[in-house]
Peer 1: 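Have a look at this one.
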Protein chains: 2
Amino acid sequence: MPNLLLKDLPRYECLLEAAKEFPDLDPSACEAFLHLLRTGDESARVVEANLARHNITQGRFGVLMILVNRCAGDTSTLGPAELADAAGVSRATMTGLIDTLERDGLVTREPDTVDRRMMLVRLTAKGRSLLGEILPDHFKNMTLLMSPLSEFERQTLVQLLTKIQAQAIKFTAPVSAAAV
Amino acid sequence: MPNLLLKDLPRYECLLEAAKEFPDLDPSACEAFLHLLRTGDESARVVEANLARHNITQGRFGVLMILVNRCAGDTSTLGPAELADAAGVSRATMTGLIDTLERDGLVTREPDTVDRRMMLVRLTAKGRSLLGEILPDHFKNMTLLMSPLSEFERQTLVQLLTKIQAQAIKFTAPVSAAAV
DNA sequence: GGCGAATAGTTAGGTGGCTAACCATAAACA
DNA sequence: TGTTTATGGTTAGCCACCTAACTATTCGCC
């Protein structure tokens, strides 16, 4: 009987045993699945620890990155809905993220004079500077995390993960069909 | 310049380009990392959708599963700290999870007469019954999600993920050293 | 021009994660 | 036996996610 996303991953032999009781349980699928979730979780924690040292979370960091990417010039802006779409979160959630980013002086928010429904979000110099501080270690950690894998293994991993992603998309309707 | 954990994963060529600006950025590591997080995220959503149909979340489901696993007989119990440890969350978080589970009649909670600091959590018949409803589809979805991969590919994936897990543990001190 | 539909951003309420602090109890030590 | 340390569960506050609902604005159609 497997535990899911728990501290101790069940061994394959335990899954074989559990499959006797649950005919729908495929031991190798279950094992791969649990390892995927666990490794993803642990990997996220690694980069989050680096971000936390700069008093920022993954979500807020993502918003800053989107602003840098989508705003070529210093004067460009994005609306909360665009940001939410790019970040893959709801507009309501994005309101909260922008709230705290604005509070910390990392972005500014002002009404759009052209479309009066819109707010315009802009990255501040402080926000840009913070990214400059964060990114070197961020990338180093990422590289270090993947260092046990050879170039070939990384490619293999990406290929396998891409297959799973393609399958996952089928579960969730055509909402994410615009990816890549 | 890469987006992180965003809706559109950057293509490898974009990462090569970005590496010119950021010397610490390793394109293949970054690509593998982003795919790992993205696939994990999407996979979690798949199983969560199934759980949501039964009005339960991943976290609460995990608690029920621990209770089933750790409590061989119907009369056995676990304390909140044990549950938190097994689930990999804090005791404070576990209090909230038990609160809602108790509210929904899926577990009971009573003081321990032997050790008066303790509460004892027990799975109810309703909780057990709910698991019985959930598990068939839960396992089926898991199997279906991994179906694009052959048995060999699944083994390969697990091996690669295990390497990353071992590396991730080094970042987070010996706290999780008891895994597997 | 007027009306209905669509869009934008925010609020309210809920859930689940965290840390720090708290009170109560048990265990360890002198 | 008394004191200190450790453990257990909960609370407060914060954050991030969601849905549903709301108000305001814009768009499309007649």
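Below, chains carry the letters A, B, ... as their sequence lines are ordered, and counting in each starts from 1.
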Peer 1: From the set dT10(D), dT25(D), dG9(C), return the single nucleotide nearest to any side-chain atom of Pro80(B).
Peer 2: dT10(D)

Peer 1: Between Thr57(A) and dC15(D), is there a contact of a side-chain N or O with OP1 or OP2 at under 4.0 Å?
Peer 2: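 Negative; the distance criterion is not met.
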
Peer 1: Could you state the atom-to-atom distance from CD of Glu48(B) to C1' of dG16(C) in whole Å?
Peer 2: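 Going from Glu48(B) (CD) to dG16(C) (C1'), I get 11 Å.
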
Peer 1: For Arg103(B) and dG16(C), give me the distance from atom CZ to atom P, rounded to whole Å.
Peer 2: 8 Å

Peer 1: Below 4.0 angstrom from OP1 or OP2 of dT15(C), is there any side-chain N or O of Thr100(B)?
Peer 2: no

Peer 1: Using every non-hydrogen atom in the two residues, find where Thr93(A) and Ser90(A) come nearest and quote the distance to one decimal.
Peer 2: OG1-OG, 2.9 Å

Peer 1: Quick check on dG17(C): is either OP1 or OP2 less than 4.0 Å from any side-chain nitrogen or oxygen of Arg45(A)?
Peer 2: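 Checking dG17(C) against Arg45(A), no side-chain N or O comes under 4.0 Å of OP1 or OP2.
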
Peer 1: I'd like to check Leu157(B) versus Lys163(A) (side-chain heavy atoms, cut-off strictly below 4.5 Å). Are they in contact?
Peer 2: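 Contact flag for Leu157(B)/Lys163(A) side chains = no.
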
Peer 1: Rounded to the Å, how far apart are Asp99(A) CG and dC17(D) P?
Peer 2: 13 Å

Peer 1: Could you check how far CG of Asp85(A) sits from P of dT7(C), rounded to whole Å?
Peer 2: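 To the nearest whole Å, that distance equals 12 Å.
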
Peer 1: Would you kindly compare Thr95(B) and Leu97(A) by the position of their nearest DNA chain D nucleotide and give the one closer to the 5′ end?
Peer 2: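 Taking each residue's closest nucleotide, the earlier one in sequence belongs to Thr95(B).
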
Peer 1: Just N and O in the side chain of Thr93(B): are any of them under 4.0 Å from OP1 or OP2 of dG17(C)?
Peer 2: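 Answer is no, no contact under 4.0 Å.
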
Peer 1: If each of Thr113(B) and Arg60(B) is mapped to the nucleotide of DNA chain C with the nearest heavy atom, which maps nearer the 5' terminus, i.e. the 5' end?
Peer 2: Arg60(B)

Peer 1: Do Leu51(A) and Gln58(A) come within less than 4.5 Å of each other through their side chains, counting heavy atoms only?
Peer 2: yes

Peer 1: dT7(C) P sits how many Å from Glu82(A) CD, rounded?
Peer 2: 14 Å

Peer 1: For the residue pair Phe61(A) and His138(A), is the inter-centroid distance of their aromatic rings smaller than 6.0 Å?
Peer 2: yes

Peer 1: Do Met146(A) and Leu36(B) have side chains that get closer than 4.5 Å, going by heavy atoms?
Peer 2: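 Of all side-chain heavy-atom pairs linking Leu36(B) with Met146(A), at least one is under 4.5 Å.
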
Peer 1: Looking at the side chain of Arg117(B), which of dC18(D), dG8(D), dT11(D) is the nearest nucleotide?
Peer 2: dG8(D)

Peer 1: Using a 3.5 Å limit on both pairing distances, list the dot-bracket string of DNA chain D from the 5' end; Watson-Crick and G-U wobble pairs count, crossing pairs take [ ], interstrand pairs take |.
Peer 2: ||||||||||||||||||||||||||||||

Peer 1: Report the residue (Met94(A) or Leu120(B)) whose heavy-atom-nearest nucleotide on DNA chain D is the more 5′ of the two.
Peer 2: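 Between the two, 5'-proximity favours Leu120(B).
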
Peer 1: Checking all strands, does Arg116(B) fall into the base, sugar-phosphate, or nothing category for heavy-atom contacts under 4.0 angstrom?
Peer 2: sugar-phosphate

Peer 1: Quick check: any donor-acceptor pair below 3.5 Å linking the side-chain of Arg91(A) to the base of dG9(C)?
Peer 2: yes

Peer 1: Grab the CG-P distance between Asp112(A) and dA24(D) for me, whole Å please.
Peer 2: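 These atoms are roughly 18 Å apart.
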
Peer 1: When you measure from the side chain of Arg60(A) to the backbone N and O of Asn55(A), does any donor-acceptor pair fall under 3.5 Å?
Peer 2: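 Such a contact is found between Arg60(A) side chain and Asn55(A) backbone.
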
Peer 1: Could you tell me if the side chain of Leu160(B) sits less than 4.5 Å from the side chain of Ile164(B), heavy atoms only?
Peer 2: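 No, every pair of side-chain atoms sits at 4.5 Å or beyond.
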
Peer 1: What nucleotide among dC18(C), dA8(C), dT19(D) has an atom nearest to a side-chain atom of Ser90(A)?
Peer 2: dT19(D)

Peer 1: In whole angstrom, what separates Met118(B)'s CE from dA26(C)'s P?
Peer 2: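 Atom CE in Met118(B) sits about 11 Å away from atom P in dA26(C).
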
Peer 1: Work out which heavy atom in Met142(A) is nearest to a heavy atom in Ala29(B); give both atom names and the distance.
Peer 2: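 Heavy atoms of Met142(A) and Ala29(B) come nearest at O-CB, 4.1 Å.
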
Peer 1: How many whole angstroms separate atom CZ of Arg109(A) from atom P of dA8(C)?
Peer 2: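 In whole Å, dA8(C) P and Arg109(A) CZ are 16 Å from each other.
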
